[in-house]
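Taking it in order: structure first as structure tokens, then the write-up.
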Amino acid sequence: MEKIRPGHFALITLIALSWTLVVIGFSTSMGERPLRMYDWGPPFFSWLVTVAWMLYERRK
Amino acid sequence: MVQAGESPWKYLVMWLRIYFAFHYLKSGLYFVIFDYVPDFSRAGAVGPYLNEMHNIGFYPLVKYLEVVLGAMLLFNRFVPLALIVMAGITVQISYLNLVVSPHPRQKFTGTQELLLNGSLLLAYGGYYANYLKAKAGPYFLWEGFRNRKNIS
């Protein structure tokens with residue numbers, strides 16, 4: 001399997017965090033409604049888990 | 001050729017899988033643990049439908065199902081099967097949010113559901129390749145299991 005490179009972390013982070021911003025924008029109706037972890041939590045925490053798993057696999 | 005099991009695609013799919021798992025789990029557990037039912041009277045044209053769903057016990061069934069399906073995705077168990085079951089729920093949520101009650105926020109919810117489920121179905125699409133037969137004869141499940149075992 002191809003080794004995990006820094007660029008791979010950057011790609012996952014760019015996509016996940018950009019999408020989290022899109023979720024924040026639409027779930028708050030562009031700032032009109034309160035920001036809730038219920039909405040931004042899934043894309044953000046799944047990014048954290050994925051990056052942690054990538055770091056673990058890279059060190060193996 | 002791009003391989004789904006290679007980095008970075010493998011991890012992009014992993015992010016999507018865990019994202020969809022968390023999305024299902026928070027929705028299901030909110031009901032299962034806190035007994036939270038949204039105020040359907042504020043759901044516009046979808047309200048009466050959701051109310052009846054709740055009255056006949058289908059709404060709670062879907063919420064418990066969401067917990068089971070979310071856990072299947074999170075723990076990476078029977079993912080292709082879970083995604084097909086989720087597709088049924090996605091069709092319903094997307095139709096209600098995009099067609100029946102198209103408030104901008106609901107439009108996003110419907111689109112998000114379609115994007116997540118759709119991209120995961122594509123990401124695991126290789127498992128469905130055998131389904132896509134234009135002409136199929138009867139083939140019992142146990143025959144398929146036996147042949148699968150012979151191949152591996």
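In what follows, every chain begins at residue 1, and chains take the letters A, B, ... in the order their sequences are listed.
Among the residues in residues 28-36 of chain A, those with a non-hydrogen atom closer than 4.5 angstrom to a non-hydrogen atom of chain B are A/S29, A/R33, A/R36.
Qualifying ring-ring contact (aromatic ring centres under 6.0 Å, His included) partners for A/W53, counting only residues two or more places apart in sequence or in other chains: A/Y56.
Hydrophobic clustering of Ile, Leu, Val, Met, Phe, Trp and Tyr side chains at less than 4.5 Å, counting indirect connections, unites A/L17 with A/M37. There is a path of hydrophobic side-chain contacts, each under 4.5 Å, that joins B/I33 to B/L69. In the hydrophobic cluster analysis, where Ile, Leu, Val, Met, Phe, Trp and Tyr join through side-chain heavy atoms closer than 4.5 angstrom, B/L122 is grouped apart from B/V91.
Of the two parts of A/V51, neither the backbone nor the side chain holds a non-hydrogen atom closer than 4.5 Å to a non-hydrogen atom of chain B. Proximity to chain B involves both the backbone and the side chain of A/F45, based on heavy atoms less than 4.5 angstrom apart. There is no contact between B/F20 and chain A, counting heavy-atom distances below 4.5 Å.
Within a 6.0 Å radius of NZ in B/K26, more than 12 heavy atoms belonging to other residues, nucleotides or ligands are found. Summarising the local packing, CZ of B/F40 is surrounded by more than 12 heavy atoms from other residues, nucleotides or ligands at distances under 6.0 Å.
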Considering only distance and modelled atom types, tabulate donor-acceptor pairs under 3.5 Å from the side chains of residues 125-134 of chain B, sequence neighbours left out.
from   : atom 1 : to    : atom 2 : distance (Å)
B/Y128 : OH     : B/P80 : O      : 2.7

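Checked options A/S46, A/P43, A/P42; the residue passing with B/I18 is A/S46 (criterion: side chain to side chain contact (heavy atoms under 4.5 Å, CB included)).
Atom OH of residue A/Y38 and atom NE2 of residue B/H23 lie 7.5 Å apart, to the nearest 0.5 angstrom. Atoms CD and CE, on A/E57 and B/M14 in that order, are 7.0 Å from each other to the nearest 0.5 Å.
Counting all heavy atoms, side chain and backbone alike, B/Y11 lies closest to A/I12 at C-CD1, 3.7 Å. Contact detail for B/F108 and A/V22: the closest heavy-atom pair is CE1-CG1, 3.9 Å. Across B/Y19 and A/W19, no two heavy atoms sit closer than the pair OH-NE1, 2.7 Å.
Listed by first then second residue, pairs satisfying ring-ring contact (aromatic ring centres under 6.0 Å, His included) with a partner in residues 60-98 of chain B number zero, not counting sequence neighbours.
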Legend entry - Check against side-chain contact (heavy atoms from CB on, under 4.5 Å), B/T111 and A/F26: CA-CA 11 Å; B/T111 310; A/F26 281 96; over 6 Å; no

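Ranked by heavy-atom pairs under 4.5 Å with chain A, the first of B/P8, B/S27, B/A21 is B/P8.
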